[in-house]
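Before any comments, here is the structure.
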Amino acid sequence: MFFNSLSFAIFLPIVFILYWFMTAKNLKFQNILLLVSSYFFYACWDWRFLFLLIFSTLLDYYTGIKMSDTKSETSKKFWFWLSISVNLGFLGVFKYYNFFAASFADAIANFGMQVNPWTLKVILPVGISFYTFHGLSYVIDIYKDRIKAEKNFIDYSVFVSFFPLLVAGPIERATHLLPQIQKKRVFNYANAVDGLKQILWGLFKKVVIADQCAEIANMTFNNSGDYSGSTLALGAVFFAFQIYGDFSGYSDIALGTARLFGIDLLRNFAFPYFSRDIAEFWRRWHISLSTWFRDYLYIPLGGSKGGMWMKVRNTFIIFLVSGFWHGANWTFIIWGFLNALYIMPSIIFNTNRNNLDIVAQGKYLPSLKEFLQIGTTFTLTVFAWIFFRAENIGHALSYISEIFSSSFFIKPSLLMKHTLLTKPLYLLIFIFILIEWLGRQQQYAIAVVTNSWPKVIRYGFYYLIIIGILWFSGKEQQFIYFQF
């Protein structure tokens, strides 16, 4: 069930009505409804993998209780490592086994031996990386005595599988989400309207921006040998807007949907393409994953307390692991490595926290210096996205070599050969960037930016967004991060 599907448009109002009109007076019934709805939502993908989700939930729920109840440090470590091993084991088998098997065969082939490894003929369970990280953070927090184990199985299960965040995040923490699940929730009209606006903007990002940019990005990447360097560079820029519109659009829909049920999820994006350096970009892109790796990997490794060598080493580790988390392909590891290289100057010269404020705060336009910084950061990010999108390293290198050839100075052929959609898409992207810029100080672009407008203009603007979504919603497009 996609957020941008007719089935979800039917599913969401039904759950909303049952939630506020049938179970509003009983918190237990509300949470049961959320759990049943979440399991139904997940089962719509593939009901067989629902059992994997339930098993993972039971494992972490039980081990959490065992760790909290035991007085033996040895027993506590046993249950902790059992949960960690099983969770990472499932993730490794489903997501990485084929990658390691193929890599091993390739390595053996270098010594003149041929191996035909046995591989798994099974699809990757949707959302496994996200709900596994929910469980891991919960178990780690209990082991570190940051929280106590949750004894209510329904409440814990909702924390793991709450349907807005189940398949593509944000990656929640028990300290943030569980207290909201455990307390009585009262309907707030203003909060619900705000949620609907965020859903609307998320759908616009996904359907109007991401899905249309995907047509051109797919054309250039899938047929890169047929295009000039200028066209390939343009295709990489379109992919940058595709992945941002796609993933931040999903996050906006998830956060807006959660608000309809009186729950606030962690923010996942904060206008990352307006960043002035790579460090700022990673504070604004996929925030829940970046902070997860910071808290559960970077800091336990020693963080930045052990001198420059440890700081550099740990930074490379988290970026390489982050790349590998995204997919079982060397391209993702190179993508992570590139971002680690990008951030190194700010780590070495201790400038990684120079840009903590919002760019051009209180101003309509950035300064020339800020504009150049944003342009440089965006260019570096687009270059790294080439590895993220390419089929393999060879494809990425050939794509990049053509960009840096003399054909870069040829007029992009895509402008003339693609559909009539191309030129209007440039206008849509321009309008999109403008609205995001004007709303960059808010939680999402249209949160407050339209409130000062006259009512007629404001509602006209919302209707234009709805018309745009309906106009471009020809077919349901899967969100990119479902594969991670």
Side-chain angles (χ1 to χ4, degrees), residues 99 102-103 106 110 209-210 212-247 272-273 275-282 285-286 315-316 319-346 372-418 422 425-426 429 480-481 483-484:
F99 168 77
S103 298
D106 291 341
N110 291 330
I209 300 300
Q212 309 318 310
C213 287
E215 289 191 31
I216 300 177
N218 291 340
M219 178 178 291
T220 52
F221 276 90
N222 294 342
N223 306 280
S224 56
D226 300 335
Y227 294 111
S228 65
S230 57
T231 304
L232 296 183
L234 190 62
V237 172
F238 274 110
F239 177 71
F241 281 104
Q242 177 197 353
I243 194 169
Y244 172 66
D246 194 285
F247 194 23
Y273 285 161
S275 300
R276 289 152 290 182
D277 57 44
I278 294 297
E280 184 183 10
F281 174 84
W282 281 106
W285 179 278
H286 204 344
T315 300
F316 269 99
F319 274 103
L320 291 174
V321 172
S322 176
F324 199 45
W325 177 90
H326 279 85
N329 195 319
W330 287 105
T331 54
F332 295 112
I333 297 175
I334 297 297
W335 171 76
F337 181 78
L338 273 175
N339 278 283
L341 284 180
Y342 290 165
I343 207 171
M344 273 304 109
S346 63
L372 293 175
Q373 288 174 327
I374 292 171
T376 301
T377 304
F378 181 72
T379 301
L380 291 172
T381 302
V382 169
F383 182 81
W385 283 138
I386 293 173
F387 284 93
F388 194 95
R389 174 58 179 80
E391 296 174 5
N392 50 58
I393 293 177
H395 180 210
L397 294 177
S398 66
Y399 195 102
I400 292 168
S401 64
E402 187 61 36
I403 290 177
F404 286 97
S405 70
S406 58
S407 68
F408 178 79
F409 301 99
I410 298 174
K411 184 178 180 180
S413 59
L414 203 62
L415 291 174
M416 297 172 284
K417 291 184 178 180
H418 196 50
T422 306
L425 182 55
Y426 284 107
I429 291 174
I480 291 175
Y481 266 68
Q483 64 186 296
F484 304 134

Looking at side-chain heavy atoms only, is the closest gap between Trp330 and Phe387 below 4.5 Å?
no
Tyr426 and Phe238 aromatic centres sub-6.0 Å
yes
With Thr377 via side-chain hydrogen bond (donor to acceptor under 3.5 Å, both in side chains) - residues at least two apart:
none
Would you mind reporting whether Asn339 and Ser322 have side-chain heavy atoms less than 4.5 Å apart?
no
CD (Glu391) and OG (Ser224) are apart, to the nearest 0.5 Å, by 8.0 Å
Heavy-atom side-chain proximity of Ile386 to Phe221 below 4.5 angstrom:
yes
For the OG atom of Ser398 and the CD1 atom of Ile403, what is their distance to the nearest 0.5 Å?
10.0 Å
Is the closest side-chain heavy-atom distance between Phe239 and Cys213 below 4.5 Å?
no
With a 4.5 Å limit on heavy-atom distance, are the side chains of Thr381 and Ile278 in contact?
yes
Is there a donor in the side chain of Thr376 and an acceptor in the side chain of Gln373, or the other way round, less than 3.5 Å apart?
no
Once rounded to the nearest 0.5 Å, what's the spacing between atom CG of Leu372 and atom CZ of Arg276?
13.5 Å
Would you sort out whether Asn218 and Arg389 count as a side chain to side chain contact (heavy atoms under 4.5 Å, CB included), showing the intermediate values?
CA-CA 9 Å; Asn218 291 340; Arg389 174 58 179 80; 3.0 Å; yes
Check: Ala279 main-chain N/O paired with Ser346 side-chain donor or acceptor under 3.5 Å
no
When rounded to the nearest 0.5 angstrom, what is the spacing between CG in Leu338 and CZ in Phe383?
6.0 Å
Using the ring-ring contact (aromatic ring centres under 6.0 Å, His included) rule, pick out the option among Trp282, Phe324, Trp325 that qualifies with Phe319.
Trp282
Which is it for Ile480 and Phe247 under the side chain to side chain contact (heavy atoms under 4.5 Å, CB included) test, yes or no, and what are the steps along the way?
CA-CA 7 Å; Ile480 291 175; Phe247 194 23; over 6 Å; no
Step through it carefully: locate the ring centre of Phe332, locate the ring centre of Trp335, and say whether they are under 6.0 Å apart.
no
Taking side chain as C-beta onward, heavy atoms only, is Gln242 less than 4.5 Å from Ile209?
no
Could you tell me whether the side chain of Asn392 and the main chain of His395 form a donor-acceptor pair under 3.5 Å?
yes
Can you tell me if CZ on Phe316 sees more than 12 non-hydrogen neighbours from other groups inside 6.0 Å?
yes
Is any side-chain heavy atom of Phe281 closer than 4.5 Å to a side-chain heavy atom of Tyr342?
no
Atom CZ of Phe408: over 12 foreign heavy atoms under 6.0 Å:
no
When you look at Leu234 and Tyr227, which way does the side chain to side chain contact (heavy atoms under 4.5 Å, CB included) test go after all the steps?
CA-CA 11 Å; Leu234 190 62; Tyr227 294 111; over 6 Å; no
For Gln212 and Ile429, run side chain to side chain contact (heavy atoms under 4.5 Å, CB included): C-alpha distance rounded to whole Å, both residues' side-chain angles, the deciding distance at 0.1 Å, then the answer.
CA-CA 10 Å; Gln212 309 318 310; Ile429 291 174; over 6 Å; no
Determine whether Thr315 and Ile343 make a side-chain contact, defined as any pair of heavy atoms from C-beta on separated by less than 4.5 Å.
yes
Is the backbone N or O of Ala390 less than 3.5 Å from a side-chain atom of Tyr399, with the two atoms forming a donor-acceptor pair by type?
no
Ser228 versus Glu402, side-chain donor and acceptor atoms under 3.5 Å
no
